[in-house]
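Written below as structure tokens is the structure these notes are about.
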Amino acid sequence: MRMTSWFQRLSRMLRHRWLDDATANRLIAPDLLQALTQRVGASERRHSGEIRICIEGGLPMSYLWRDAPARERALMMFGKLRVWDTEHNNGVLIYLLLAEHAIEIVADRGIGRHVDADDWHAMTLRMGAAFREGRFGDGLTQALEEVSALLVAHFPLAEGEADRNELPDAPVVL
């Protein structure tokens, strides 16, 4: 558990309660969600991997109470959304926590063997730069394209092979 003062914990709790799912739905417009869904589908027709996007306004109170980091929630959502449950262990979760401006990328072990942690971190930094400028769509699209390129490079579909689409393409907004 991270050590924080009572004031920092209270401030964090209030920020997370203030930025709820309604906030996420306001910031991420329906047309952006539809465009991301289409881009995920188009991407997955080029490789055997699965990409999920999860956007959350604020953490649940149980996470806040124990001062859990955004990474812990991203790992939980990786499991809950079954990103780990792909045939080739090549699922990738792009997780955004709006209340903390946190970006986490969780990659399954199949793709993790091919991509260095520094590469994932650099991707989150580029997304963060776009988000700070208010360009959520651009940041998410860029990250999606970068993840797609990695999956195409390491898990391309064979000639004539069709994508099984093991997971839904639509982003999850919590």
Checking the side chain of [X] only, and the main-chain atoms of [Y] only, is there a donor and an acceptor separated by less than 3.5 Å?
X: R45; Y: G41; result: yes
X: R73; Y: P69; result: no
X: E50; Y: G91; result: no
X: S43; Y: R39; result: no
X: D116; Y: D118; result: yes

Heavy-atom check, side chain of [X] versus side chain of [Y], under 4.5 Å:
X: V147; Y: W120; result: yes
X: L96; Y: L140; result: yes
X: I111; Y: V92; result: yes

inquiry  = Would you call the rings of H114 and F155 parallel, tilted or perpendicular, taking 30° and 60° as the class edges?
reply    = perpendicular
Are [X] and [Y] connected, step by step, through hydrophobic side chains (Ile, Leu, Val, Met, Phe, Trp, Tyr) whose heavy atoms are closer than 4.5 Å?
X: L144; Y: V152; result: no
X: L157; Y: L151; result: no
X: I105; Y: F131; result: yes

Euclidean distance, R52 CZ relative to M77 CE, rounded to 0.5 Å = 8.5 Å
ask   = For residues E56 and Y95, is any side-chain donor paired with an opposing acceptor at under 3.5 Å?
value = yes
task = Consider only side-chain N and O atoms of S48 and N90, and report whether a donor and an acceptor are under 3.5 Å apart.
result = yes
query = Who are the salt bridge (charged side-chain N to carboxylate O under 4.0 Å, His left out) partners of R126, not counting sequence neighbours?
reply = E146
key: Residues in side chain to side chain donor-acceptor pair (under 3.5 Å) contact with R71, at least two apart in sequence or another chain   = E104
